[in-house]
Amino acid sequence: MPLLEINQSSHICASVRRDEVTAAQVDQYAAFIKASADDVVDKALNYVFSKDRYFQDFLKTPQA
């Protein structure tokens, strides 16, 4: 079962550079879950951000 579930939402355009291996794996994962590579990157980042307790604590500070 895939770790990420993709639901369609509105997006902004951003340019992100990835190494070749990571880019290929993103494309492969996108094919695996029948989603776009953009959706995979978006959901993966949201997953990491939500699981990082230190980042969540940081978001509660004025520096965020």
Side-chain angles (χ1 to χ4, degrees):
M1 178 194 306
L3 292 175
L4 303 178
E5 184 175 316
I6 306 297
N7 298 317
Q8 294 297 328
S9 60
S10 62
H11 299 280
I12 62 166
C13 184
S15 177
V16 177
R17 293 194 290 177
R18 300 168 286 191
D19 64 44
E20 288 182 41
V21 173
T22 303
Q25 288 181 325
V26 167
D27 290 340
Q28 290 168 326
Y29 199 86
F32 171 61
I33 63 171
K34 297 175 178 59
S36 72
D38 289 337
D39 287 335
V40 170
V41 171
D42 182 63
K43 295 301 178 183
L45 288 172
N46 284 327
Y47 178 81
V48 169
F49 296 156
S50 72
K51 298 299 180 186
D52 188 326
R53 283 187 263 164
Y54 296 109
F55 181 62
Q56 292 301 314
D57 290 344
F58 170 77
L59 290 176
K60 297 173 187 170
T61 69
Q63 293 84 2

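Predicted model, so just to flag it, every value in this text is computed and none were measured.
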For Q56 and F49 the tightest heavy-atom approach is NE2-O, 2.7 Å
Under the ring-ring contact (aromatic ring centres under 6.0 Å, His included) test, which residues partner F32, sequence neighbours left out?
-> Y29
Of the non-hydrogen atoms in L4 and V40, which two are nearest, and what is the gap between them?
-> CD1-O, 3.8 Å
Over all heavy atoms of both residues, which pair between A37 and D27 is shortest? Give the atoms and the distance, please.
-> CB-OD1, 3.5 Å
V21 and Q25, any side-chain heavy atoms less than 4.5 Å apart | yes
Which pair of heavy atoms, one from V41 and one from R18, lies closest together, and at what distance?
-> CG2-NH1, 3.4 Å
Exceeds 12 heavy-atom contacts within 6.0 angstrom, atom OH of Y47 | no
